[in-house]
Amino acid sequence: MKKVLFSIILTSTAILSYAIERDFNIQFKIKGMENQEAILAYNYGEKKFIADTIKFDQTGTGAIKGKKSLEDGTYLLAFPSLNLNSFEFIIRETAFQLSTDTFNMPQNMVVKGSVENQVMYDDLKKTITVGKQVDSLNSVIHNEELSEKVREEAESKLEKLSTDFTKGREASIEKNPNALYNKILNALRDVPMKSKPDEEGTAAPDNFAYNYFINHYWDNIDFTDVALIKSPVVIPRVLRFFEQIYQQPDSINSAIDILLSKAAVNDESFKILSSEIINKYAKSNIMGQEAIYVHMLDKYYLTGKAPWVDQETLGKMKERADALRPTLLGKKAPDITVYDLDNRPINFYQAIDKNNYTILAFWNSECSHCKKEIPELMKVWNDSLRNQFNVGVFSISTEVEKEHVVKFIEENHMNQGFTNGYDPTGRSNFRKLYDILSTPVVIILDKDKKIIAKKVAVKDITYVISTHQEFHNQKAKANNTEPK
């Protein structure tokens with residue numbers, strides 16, 4: 001038995017609303033659940049949603065009967081009277097019977113009329129039995145009071161037990177390859193990796209092993225089976241995959257395209273996975289990953305490949321992508337004009353033209369975080385950045401009240417080296433071009449005015465610039481040129 005965290009369970013009408021009604025006759029007979037109630041829930045990735053409640057009569061019998069909008073997939077019955085202890089089952093067939101007791105639900109489960117659930121419970125029971133044997137053998141292996149011979153014999157038995165269990169599971173998968181439980185087991189198996197091509201004598205191209213991993217990670221997943229995609233295995237596996245690959249946006253975008261090309265064999269699978277991916281990167285706070293959200297919008301959502309999203313929502317998503325687009329990493333920073341404290345125009349490009357690096361800092365005198373970060377920026381700049389890397393600072397207040405701007409600049413000695421500007425008319429387009437929704441915002445540019453980092457904490461600026469400079473020097477050395 002296992003407990004389910006129902007704090008994340010919500011009503012399921014939105015997700016089940018498109019399910020086709022079918023006639024069901026699924027019987028549950030559970031000793032110890034007489035005159036009780038159970039919660040029927042279904043899996044959507046690692047989340048669980050309530051689908052219905054089931055009442056058990058005086059004989060401990062409950063049922064899913066009649067026309068119901070229940071899709072194929074993995075479900076569970078959870079029992080409030082047993083602290084939400086539960087057992088899982090599969091809906092593919094629409095008529096079958098499950099019988100057990102509250103003492104040991106999985107081990108005592110009897111399945112009638114369901115190949116899907118028989119496959120699952122045969123494996124679960126075997127897993128429980130083998131698990132107990134493994135624990136027993138491990139206790140012998142780690143008992144230093146026993147002779148070495150006894151422990152070696154236990155290790156040999158453990159190895160054989162593991163081999164036999166794996167072979168038995170593989171035989172079950174081969175016998176019932178279309179059973180959902182077996183597809184789930186198969187999806188959990190790692191695809192064997194390759195470090196070189198199969199052809200004898202063929203040299204492996206650069207990044208062969210990595211590219212093989214990217215392209216074949218999905219080989220054990222049947223994207224045509226929506227029930228598998230919604231299971232607790234595939235969505236988490238997909239999301240974890242994107243944490244394992246190179247974390248540059250271009251690498252992630254390329255991997256997304258490979259995955260979604262495979263998922264496109266089924267419209268619902270494509271919808272599920274593309275939605276999960278875009279939600280992941282829409283919420284990401286990792287620098288540079290906004291480029292992934294923009295890529296998803298440009299390639300899939302704004303090209304008619306996401307018909308499930310209404311036009312109003314698409315319009316808002318496009319607005320957000322357009323706001324992010326000008327300041328994606330690697331792009332040349334947009335030119336802007338603000339005003340100095342004498343209300344004379346300052347052109348951004350002209351003011352930073354002689355810098356090797358430029359820190360563009362947006363701030364507001366009433367922002368508590370700015371009151372901490374801006375003085376720290378002045379200190380770091382004075383201590384190392386200005387002389388070691390020829391870094392300039394272009395600071396812009398988001399306020400229009402001159403007295404507030406002047407006071408903040410003077411209090412923090414920003415007039416001793418920073419180029420300071422503000423927008424007395426409130427009409428400058430820097431807010432839109434640089435997506436300034438809050439402050440402070442720190443952006444770092446190289447000599448060519450390209451954005452190398454954004455939304456950087458002041459404590460990290462020196463590391464970012466020194467790392468970039470080291471890379472630049474190594475590249476120049478490799479090309480036999482002098483670094484700029």
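Each residue takes its place number in the sequence, starting with 1.
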Between atom CD1 of I465 and atom CD of E470, what is the distance when rounded to the nearest 0.5 Å? 14.5 Å
Considering residues at least two apart in sequence or located in another chain, which fulfil the salt bridge (Lys or Arg N to Asp or Glu O under 4.0 Å) criterion with D250? none
Using the ring pair (Phe, Tyr, Trp, His ring centres under 6.0 Å) criterion, which residues pair with H216? Sequence neighbours excluded. Y212
Could you list all the salt bridge (Lys or Arg N to Asp or Glu O under 4.0 Å) pairs where at least one residue sits in residues 346-361, not counting sequence neighbours? D353-K449
Checking D342 now: which residues fulfil side-chain contact (heavy atoms from CB on, under 4.5 Å) with it, not counting sequence neighbours? D340, R344
Examine Y217 together with F241 and report whether their ring centres are nearer than 6.0 Å. yes
Going from CG on L185 to CG on L188, what distance comes out if it is rounded to the nearest 0.5 angstrom? 6.5 Å
Is a side-chain donor-acceptor pair under 3.5 Å present for Y422 with N343? yes
Quick one, E268 and I229 - any side-chain contact, counting heavy atoms below 4.5 Å? no
For N347, which residues count as a side chain to side chain donor-acceptor pair (under 3.5 Å) partner, sequence neighbours excluded? D335
Trace of the side chain to side chain contact (heavy atoms under 4.5 Å, CB included) decision for T337 with I346: CA-CA 6 Å; T337 297; I346 313 172; 5.9 Å; no
Extract all donor-acceptor atom pairs below 3.5 Å that involve side chains of residues 360-368 and protein atoms in other chains or at least two apart in sequence.
residue: W363; atom: NE1; partner: S395; partner atom: OG; Å: 3.2
residue: N364; atom: OD1; partner: E366; partner atom: N; Å: 2.9
residue: N364; atom: ND2; partner: T398; partner atom: OG1; Å: 3.1
residue: S365; atom: OG; partner: E399; partner atom: OE1; Å: 3.2
residue: S365; atom: OG; partner: E399; partner atom: OE2; Å: 2.5

List the atom pairs, donor and acceptor, that lie under 3.5 Å between side-chain atoms in residues 400-414 and the rest of the protein, sequence neighbours left out.
residue: K402; atom: NZ; partner: L341; partner atom: O; Å: 2.6
residue: N412; atom: ND2; partner: F408; partner atom: O; Å: 2.9

Step through it carefully: locate the ring centre of F430, locate the ring centre of Y434, and say whether they are under 6.0 Å apart. no
Measure from the side-chain N and O atoms of E373 to the backbone N and O of V458, and report whether any donor-acceptor pair falls under 3.5 Å. yes
Apply ring pair (Phe, Tyr, Trp, His ring centres under 6.0 Å) to Y210 and list each qualifying residue two or more places apart in sequence or on a separate chain. Y246
Considering only NZ, NE, NH1 and NH2 on the basic side and carboxylate oxygens on the acidic side, decide whether K318 and D298 come within less than 4.0 Å. no
Are the side chains of M120 and L180 in contact, using a 4.5 Å heavy-atom criterion? no
Not counting sequence neighbours, which residues clear side-chain contact (heavy atoms from CB on, under 4.5 Å) with E290? List them please. L324, L328, K454
Do F270 and F223 have side-chain heavy atoms sitting under 4.5 Å apart? no
Is it true that K175 and E170 have a side-chain N and a carboxylate O under 4.0 angstrom from each other? no
Find out whether Y44 and I272 are in side-chain contact, i.e. whether some heavy atom of one side chain is under 4.5 Å from a heavy atom of the other. yes
I451 CD1 to M287 CE distance, which is reported to the nearest 0.5 Å: 11.0 Å
Taken in chain and number order and not counting sequence neighbours, the residues that satisfy ring pair (Phe, Tyr, Trp, His ring centres under 6.0 Å) with F348 are F394
Once side chain to side chain donor-acceptor pair (under 3.5 Å) is applied, what residue pairs with a partner in residues 251-267 remain, sequence neighbours excluded? D257-H295, D257-K299, D257-Y300
Evaluate the side-chain proximity of I256 to M296: yes if any heavy-atom separation is below 4.5 Å, no if none is. yes
Does Y181 have any side chain to side chain donor-acceptor pair (under 3.5 Å) partners at least two apart in sequence or in another chain, and if so, which? D123
Going by atom types alone, do R386 and N390 pair a side-chain donor with an acceptor below 3.5 Å? no
Taking R427 first and then D423, would you say they form a salt bridge - that is, a charged N and a carboxylate O separated by under 4.0 Å? no
